[in-house]
Number of protein chains: 4
Amino acid sequence: MVQERNKGAEKRERILQSAIKVFARKGFYNTRVSEIARTAGVADGTIYLYFKNKDDILISLFNDRIGKLNDEMERQLAALDSPSEKVKRIVSIQLGLLRGHKDLAEVITINLRQSNRFLKQYAAPGFNRYLDIIAAVIQEGQQSGDFRQDVSPRVAACSLFGALDGLSLTWVLGTRDADRLARAGQQVSHIFIEGLRAPETTGT
Amino acid sequence: MVQERNKGAEKRERILQSAIKVFARKGFYNTRVSEIARTAGVADGTIYLYFKNKDDILISLFNDRIGKLNDEMERQLAALDSPSEKVKRIVSIQLGLLRGHKDLAEVITINLRQSNRFLKQYAAPGFNRYLDIIAAVIQEGQQSGDFRQDVSPRVAACSLFGALDGLSLTWVLGTRDADRLARAGQQVSHIFIEGLRAPETTGT
Amino acid sequence: MVQERNKGAEKRERILQSAIKVFARKGFYNTRVSEIARTAGVADGTIYLYFKNKDDILISLFNDRIGKLNDEMERQLAALDSPSEKVKRIVSIQLGLLRGHKDLAEVITINLRQSNRFLKQYAAPGFNRYLDIIAAVIQEGQQSGDFRQDVSPRVAACSLFGALDGLSLTWVLGTRDADRLARAGQQVSHIFIEGLRAPETTGT
Amino acid sequence: MVQERNKGAEKRERILQSAIKVFARKGFYNTRVSEIARTAGVADGTIYLYFKNKDDILISLFNDRIGKLNDEMERQLAALDSPSEKVKRIVSIQLGLLRGHKDLAEVITINLRQSNRFLKQYAAPGFNRYLDIIAAVIQEGQQSGDFRQDVSPRVAACSLFGALDGLSLTWVLGTRDADRLARAGQQVSHIFIEGLRAPETTGT
DNA sequence: TATGAATGAGTATTCATTCAT
DNA sequence: CATGAATGAATACTCATTCAT
């Protein structure tokens, strides 16, 4: 029975993998459910045993993956001490998605923004947790005196996420050179760490 | 005859305005051409006297508006001297879009990313010019000694655009409080200006 | 004023000529009224000053031309004496259409058969007069003793018309070699003249 | 499984039957795909499981039926000896179509000539085989000395087909009296057999 | 669970026709 | 008479979803 459940989970996973691949290539609205099915090696109808409808595939996909990403992010950040190290790690993880999971990154960067209904209703929770994790790092840095106090952690988090997303976007549209992306990441880390650094409290 | 030409242009403009409104509300793929027509007060067929097809509406809309935005941006930046003032102005113009042209901003932030084909093939030129304008400001700052040299102007430009786009995204999804957005803008300006500032070359 | 009326008639004629050309190339249903207008060098709306609608163009065209053809046929046949000479002339006139008025012939052979409604309601009168002219020749030959009596003139007329139409069809679809068509015509004349010849009434 | 395959074929056949009926009544261009579907008792979309598009229905229909007709023709002619008997059989089979398969005959006689593109590209092969079968009979008659040699078998075939098609056309447009058609057929047979008869080689 | 044939609602686009100029 | 911009009805075809097997 465990085996059977695994079997089902494995099929669900195969469908998600195929969906990522096809969504990345064609975009959500230009993707046919039958193509996901064909790519996954299942019948059209089988999709509907695992997902409510086509929208649900995108939503499940996003929530599933962002969840794993958030978990991984928290795990890695917990192992680091300095706020600037944590910022660097955030940068490398978010940009690293593009290397290891190019299709997934493309789906998240591009396809997820189909409509704000989509974003608001379904993607918001996972996305907010992502931003919260980053904001927590900023806040921690503020409390430790590393980062200046006059910047809202949330604003900093959105900006950092956005800056990396902007880089991802131009990278996806452009050269797709991995080294170039890594260097860009270092520069962004630098901008934010310096930009957030608490002024030298001279005296006392 | 001038009047007649104006009439045609005015009708085209009305269609674009309506498209912005409806795209913003429903998203590109959930927008019916007939709804754009109804909103513009023209017949369905009339749309096709001014645009090749539905895609062409979105493309024309983006290129038309980004062109005007770029022009305005260049005009305003030319009137400023200090690089940091220019960065602040970039921030206020990009975020200002959300106030004055909420629907347009929503279309650009959300709807344009329908497929990377869309982005790559049609939106890239106008978008690149936008990034070039920002990059030029950064470079200028580097030459004047205000900004550090070890950051690629292009990377900085993408990051700044992205940071503001990230703010826009969360703002659109969230409270939509104008003051809050203005304050966030100031903080981002601060992060980037400080983050880009050339280190004090103390002494000689 | 006569000039003006001529002007109008001339424009109507130009539209008909253009219609023949475009119908022949594209077929009735694949022809756009606007293309006829463009070919004729008039505005779309002008067409409707001379014809009730698109159907009316085809109907007018057919009736106008078949009328002229019938007139010409009668004129030429009247100048001949022997029934077999007349049959030969019918053959050469009908097939001659393909040489001198290729497009017109194509429209009549192919496009006119769009629907039997078309044929029954509008084309029938002119077509029937055409068949009547041929039938009259047969009957005349029967009365003169040249042709056998046991064939209905009408049936012979339909068959002769059809035989030539069949030749036209394969010719239009095939080589389009003019000489070959002329030789074929002679053979058809022969078949019909011999096939219709009254048996030698030997003796008495 | 055989049953399942039959089921599919049976549905395809039902669609073709309905198409014949509706095409005959309304003409190809005035036929709605949805009406074919309704007549066949299937959903609109089902049509597209069996045919590429509307054109493909007409093409398939013609090729399917002309193929069967050609087969039947060859079978029956093989059982006959004398060339004139064979000519008579050709006549009765072609005209017989109008009795047994009135709608089909109407589609072939009238609707198929929508455009020469249609005819040339798709209908030509089946139509040519039909003409070849007739031409072979003529040639056989020439070799046996029954028919004169100075008529091209192909020309005779086109003419015979055309004569019968002409009869069909006027019959479809007119009285539709079956007996009258049968008598007309006998007369056409007569014309062609006599018209093709080899001259009496008197002497020796 | 899995299938895939069948469904039928849904829509971009065309084009004959009109009518204000 | 002539124009051609505007109209809006009309329709082939697609594709997410269902359900009998």
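In the text below, chain A, chain B and the rest are named by the order of the sequence lines, each starting its count at 1. Since we're looking at a predicted model, the values are computed, not measured. Computation of the quantities below employed the complete heavy-atom set of this structure, encompassing side-chain atoms and omitting hydrogens, waters and symmetry-equivalent molecules.
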Checking F:dA12, F:dT17, F:dG4 against the side chain of A:Asp44 (C-beta onward), the nearest is F:dT17
**Prompt:** Do the side-chain N or O atoms of D:Arg32 get closer than 4.0 angstrom to the phosphate oxygens (OP1, OP2) of F:dA12?
**Reply:** yes
Atom CG of A:Asp56 and atom P of F:dA16 are separated, to the nearest Å, by 15 Å
Checklist entry - Quick one: is E:dT3 close enough that its OP1 or OP2 comes under 4.0 Å of any side-chain N or O from A:Thr46? => result yes
By nearest-heavy-atom nucleotide on DNA chain E, the more 5' of B:Lys52 and D:Val42 is D:Val42
Taking a pair to mean Watson-Crick or G-U wobble geometry with both distances below 3.5 Å, F:dA20 pairs with E:dT3
Rounded to whole Å, the NZ-P distance (A:Lys54 to F:dT14) equals 15 Å
Whole-Å distance, A:Ile47 CD1 to F:dC15 C1', equals 13 Å
Atom CD1 of D:Ile15 and atom P of F:dA12 are separated, to the nearest Å, by 15 Å
Ranking B:Gly45 and D:Thr31 by the position along DNA chain F of their nearest nucleotide, the one closer to 5' is B:Gly45
Of the listed E:dT17, F:dA6, E:dG8, the closest approach to the B:Tyr50 side chain comes from F:dA6
When rounded to whole Å, the CG to P distance for the pair C:Asn30 and F:dA12 reads 13 Å
As its Watson-Crick or G-U partner within any shown strand, both distances under 3.5 Å, F:dT14 has E:dA9
When every non-hydrogen atom of D:Lys54 is compared with those of D:Thr31, the smallest separation belongs to NZ-O, 3.0 Å
Below 4.0 Å: OP1/OP2 of E:dA5 and any side-chain N or O of D:Lys11: no
Closest to the side chain of A:Ala43, out of E:dT3, F:dA6, E:dT17, is E:dT3
With A:Phe23 as partner, the option from A:Tyr29, A:Phe62, A:Phe28 fulfilling ring-ring contact (aromatic ring centres under 6.0 Å, His included) is A:Phe28
When rounded to whole Å, the CZ to C1' distance for the pair A:Arg12 and E:dA2 reads 17 Å
Interatomic distance, CD1@A:Ile15 vs CG@A:Leu61, rounded to 0.5 Å, equals 12.0 Å
Does the side chain of C:Ser60 pick up a donor-acceptor pair with the side chain of C:Asp56 at under 3.5 Å? yes
Any strand, both distances under 3.5 Å, Watson-Crick or G-U wobble: E:dT14 pairs with F:dA9
Taken to the nearest whole Å, CZ/A:Phe51 to C1'/F:dT18 is 18 Å
Contacts of C:Gly41 and D:Ser34 projected onto DNA chain F by closest heavy atom; the upstream (5') one is C:Gly41
Closest of E:dA5, F:dT3, F:dA16 to the D:Leu49 side chain is E:dA5
When rounded to whole Å, the CG to P distance for the pair C:Asn53 and E:dC15 reads 17 Å
Backbone N/O of A:Val42 and side chain of A:Thr46: donor-acceptor pair under 3.5 Å
no
Practice prompt. Establish, with yes or no, whether the OP1 or OP2 oxygen of F:dT3 is under 4.0 angstrom from a side-chain nitrogen or oxygen of C:Tyr48.
Written response: no
* Asked: Charged N to carboxylate O under 4.0 angstrom, C:Glu106 versus C:Arg113?
  -> no
